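Structure, as structure tokens:
Worth saying up front: this structure is predicted, and the values here are computed from it rather than measured. We're numbering straight along the sequence, starting at 1.
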Amino acid sequence: MDCPILVWMLFTNREMTPEEYAKCHAVLRECAPHAPVRNAPSEPETMRQMVAFLLPLLMMRHRRVPRTRWKDQMTPVGKHWIEQARTIQHGPDDNPVVAAQRARSMIGYHTSYDHNLVGMAMTQGRREDVVNIGIGIKEISAPPGMSGNDFAISLYHKLTPLEQTFIAPEQGEEVVMRRLCLILALKQAYIKAIGQPMGFDWSRLEFNIPEKKATGDGRPLAGWEFRVWTSELGWPIPNSDGHIKQAYQCAVAFFRRTRETKFIWQNDARELESWVQFITLDQLLNVADKLVE
């Protein structure tokens, strides 16, 4: 199944000003009234939620599709896809070639965020295919005042006994955190790809990273493709020579209807740039007014 995957990662290197927040929230209310984002400028979490809902609008503007020419649809389990309006140039609906092209023009997407990184994974094809996509993002960092090992232990309930052996304390905190966030990002991506709520029992899934195997309730996740990469961000500290650095483990899950489970470990920066695009908050804010057009 040839459905190319594209990912946008937006770096929120700063908070919005009250004016920027108000502008974006007004756009959200007009273009995505279904978005459950409260108007609460003093709460940083709502800004990240808002950015996640605005990314599909930015993507369609980037494709130069007017807002009146597409509609955001949703399945009964909350999976989103974008349906583009038929134009006269496409031809009559009874033309089989036109009908086939239109059927494969649907855009499925999923958004997620963690701390300063908001991501959107998208693909184009038939509706029944493109909705099966999910993205997981986990910052490789323990909460303040908590060691990496203690943080991992607190999340044992989301892991299987085998997965717990991969993050044993004797591995060292750096290895533990990296492996823990990798497993959690993969599970989050898959859970969202199948349209399950975050209350889903994560321990029903098992990712055997060394053997490149994935199972759900003990059964192989055949037909699924998992793409994994690390996003490293950094920005200067005001009035100093220092920099703040953050690393995030990211994963995309997509159902390709094959017979095997496939893992793609994206370590080469040039290859990653061919399907993952990094943008900043300012790039979104620069065109926020035009997202309604």
Side-chain angles (χ1 to χ4, degrees), residues 4-13 48 51-52 55 109-123 133-144 146-149 151-152 155 158-159 163-168 171-193 202 205-214 221 224-237 242-254 261-281 283:
I5 293 175
L6 180 64
V7 173
W8 279 14
M9 308 298 285
L10 187 146
F11 173 35
T12 59
N13 60 312
R48 286 149 181 77
V51 168
L55 278 179
Y109 72 88
H110 175 244
T111 62
S112 182
Y113 66 89
D114 191 20
H115 201 181
N116 288 319
L117 192 61
V118 184
M120 177 175 66
M122 65 201 96
T123 188
I133 192 167
I135 183 171
I137 303 173
K138 286 295 178 182
E139 183 182 6
I140 308 177
S141 176
M146 197 174 195
S147 70
N149 286 329
F151 181 53
L155 294 172
K158 293 188 174 184
L159 309 176
E163 291 169 336
Q164 292 175 20
T165 66
F166 300 151
I167 59 171
Q171 302 286 348
E173 284 205 8
E174 182 179 348
V175 173
V176 167
M177 285 301 303
R178 179 164 43 83
R179 292 180 177 178
L180 172 66
C181 293
L182 170 59
I183 294 172
L184 294 179
L186 283 166
K187 291 192 176 189
Q188 181 187 32
Y190 175 77
I191 290 170
K192 287 305 182 181
W202 291 38
L205 305 174
E206 180 173 271
F207 284 88
N208 186 337
I209 304 301
E211 297 186 13
K212 297 182 180 180
K213 294 180 179 179
L221 299 182
W224 285 89
E225 176 182 293
F226 297 96
R227 299 191 182 192
V228 180
W229 74 100
T230 302
S231 297
E232 296 183 348
L233 309 176
W235 65 97
I237 301 175
H243 282 72
I244 295 176
K245 294 183 179 180
Q246 295 177 344
Y248 294 80
Q249 187 62 63
C250 309
V252 166
F254 182 56
T261 305
K262 184 177 183 180
F263 285 87
I264 298 176
W265 308 89
Q266 201 69 80
N267 297 317
D268 183 86
R270 183 169 297 179
E271 291 182 3
L272 185 66
E273 291 174 357
S274 67
W275 62 281
V276 178
Q277 181 177 348
F278 290 88
I279 60 178
T280 65
L281 179 63
Q283 287 175 278

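- Here CZ of Arg227 is found 7.5 Å from CD of Gln266. Values are rounded to the nearest 0.5 Å.
- In this structure, Lys212 has no salt bridge (charged side-chain N to carboxylate O under 4.0 Å, His left out) partners at least two apart in sequence or on a different chain.
- Contact between Thr123 and Ile5 at its shortest, heavy atoms only, is OG1-N, 4.3 Å.
- Summarising the geometry of Asn116 relative to Arg48, their closest heavy-atom pair is OD1-NH2, 3.0 Å, with the distance given to 0.1 Å.
- The minimum heavy-atom distance between Arg178 and Gln249, with the atom names listed, is O-OE1, 4.4 Å.
- Atoms CD1 and CG, on Ile183 and Leu159 in that order, are 6.0 Å from each other to the nearest 0.5 Å.
- Residues Cys250 and Met9 share a closest heavy-atom pair of SG-CE, 3.7 Å.
- The two atoms that bring Tyr248 and Asp114 nearest to each other are CE2-O, 3.1 Å, heavy atoms only.
- Residue Cys181 holds its SG atom at 4.0 Å from CE of Met177, rounded to the nearest 0.5 Å.
- Atom CD1 of Ile209 and atom CZ of Phe166 lie 7.0 Å apart (nearest 0.5 Å).
- For Phe207 and Phe226, the gap between ring centers is short of 6.0 Å.
- Atom OG1 of residue Thr111 and atom CD1 of residue Ile135 lie 8.5 Å apart, to the nearest 0.5 angstrom.
- A pairwise comparison of heavy atoms in Ala193 and Ala253 identifies CB-O, 3.9 Å as the closest pair.
- The structure places CG of Asn149 at 9.0 Å from CD1 of Ile167, a figure rounded to the nearest 0.5 Å.
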